[in-house]
Protein chains: 2
Amino acid sequence: MSGNDEGLCQQPCDHPDVVDTVRKAMPEEGQQQDLAQLFKVLGDHTRVRILNALYRSELCVCDLTSILGMNQSAISHQLRVLRDAKIVRSRKQGKNVLYSLDDCHIAELIRIGFEHVQEGKG
Amino acid sequence: MSGNDEGLCQQPCDHPDVVDTVRKAMPEEGQQQDLAQLFKVLGDHTRVRILNALYRSELCVCDLTSILGMNQSAISHQLRVLRDAKIVRSRKQGKNVLYSLDDCHIAELIRIGFEHVQEGKG
DNA sequence: CCAAAACATGAACAGTTGCTCATACGATAC
DNA sequence: GTATCGTATGAGCAACTGTTCATGTTTTGG
């Protein structure tokens, strides 16, 4: 059932069977993969800035281009990543495409993340 | 004060001055950098699995090596990343080094992240 | 002292990522 | 129709990331 060649501690720390309990309590691999992917998409400076802007208002691409002071192509590429990850949504309005946060979880993740970061500075 | 060569929309979407409002409401660059860095560290499959294990119990390196079925060196390298980011803490006990989650925010980020991921599956 | 266990770390290599450039697409205005 | 604005996308490249391998450090046991 287990496939780890690397052995356990030969003199266990003081966890005789805790290891086995933890192993059985671990979430499914697929879910952990998805969670890591979510955080990975959030873990980029440009994308964090985009999300902080969209947190305040629905915005089109050129708005974001202006706010972030970056290339339009770079913004579009990152918006694609955010959209594929279902973190933002988009709707067309004439020639423009308006982007907004897709999920309320995202705003909460950003909020808690900021708390952690700010406390770490103290 | 602003240094963006890329122009604004010439026919603004329907946000005459929202752009300026958002620009002024954006968090400091340093904080957004730190937030992105936090998520980036969380955004890796191996590190997510380590955190899910430590979420259940304080564990030594060889425990994690066994639970994840991975090289001891790989685990140590990732633990270093997590420690530098102040996401886990460590204490020595004899020959072993016991790791645990440093911050309660981390557990909450993982919890909310899982919620988002599971809802996305529906 | 020496050996072994538990852990840390540096180098190297493959894989990934984010930006730039060029270009293509879609909608509006004329 | 054509021109133009707003946006999307593919290719290419430099920078970064995670694992493995080899080695070093610290602690326990004899």
Quick one: [X] [atom1] to [N] [atom2], roughly how many Å, whole number?
{"X": "Lys95(A)", "N": "dA29(C)", "atom1": "NZ", "atom2": "P", "result": "7 Å"}
{"X": "Leu82(B)", "N": "dT17(D)", "atom1": "CG", "atom2": "C1'", "result": "14 Å"}
{"X": "Leu64(A)", "N": "dG6(D)", "atom1": "CG", "atom2": "P", "result": "14 Å"}
{"X": "Arg91(B)", "N": "dT27(D)", "atom1": "CZ", "atom2": "P", "result": "16 Å"}
{"X": "His45(A)", "N": "dT17(C)", "atom1": "NE2", "atom2": "C1'", "result": "16 Å"}
{"X": "Asp84(B)", "N": "dT17(D)", "atom1": "CG", "atom2": "P", "result": "12 Å"}

Side chains of Leu42(A) and Leu42(B) in contact at under 4.5 Å (non-hydrogen atoms): no
Protein proximity profile, nucleotides 8-16 of chain C - base contact B, sugar-phosphate-only contact S, no contact -, cut-off 4.0 Å on heavy atoms: BBB------
Side-chain donor/acceptor of Arg83(A) to backbone N/O of Ser90(A), under 3.5 Å: no
Aromatic plane relationship, His105(A) with His116(B) - under 30° parallel, 30 to 60° tilted, over 60° perpendicular: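 Geometry flag for His105(A) against His116(B): perpendicular rings.
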Out of dA6(C), dG26(C), dC19(C), whichever nucleotide has its closest atom nearest the side chain of Lys92(A):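 Shortest atom-to-atom distance from the side chain points to dG26(C).
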Closest to side chain of Cys62(B), choosing from dC7(C), dG26(C), dC19(C):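 For the Cys62(B) side chain, the nearest candidate turns out to be dC7(C).
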Asp34(A): salt bridge (Lys or Arg N to Asp or Glu O under 4.0 Å) partners, not counting sequence neighbours: Lys121(B)
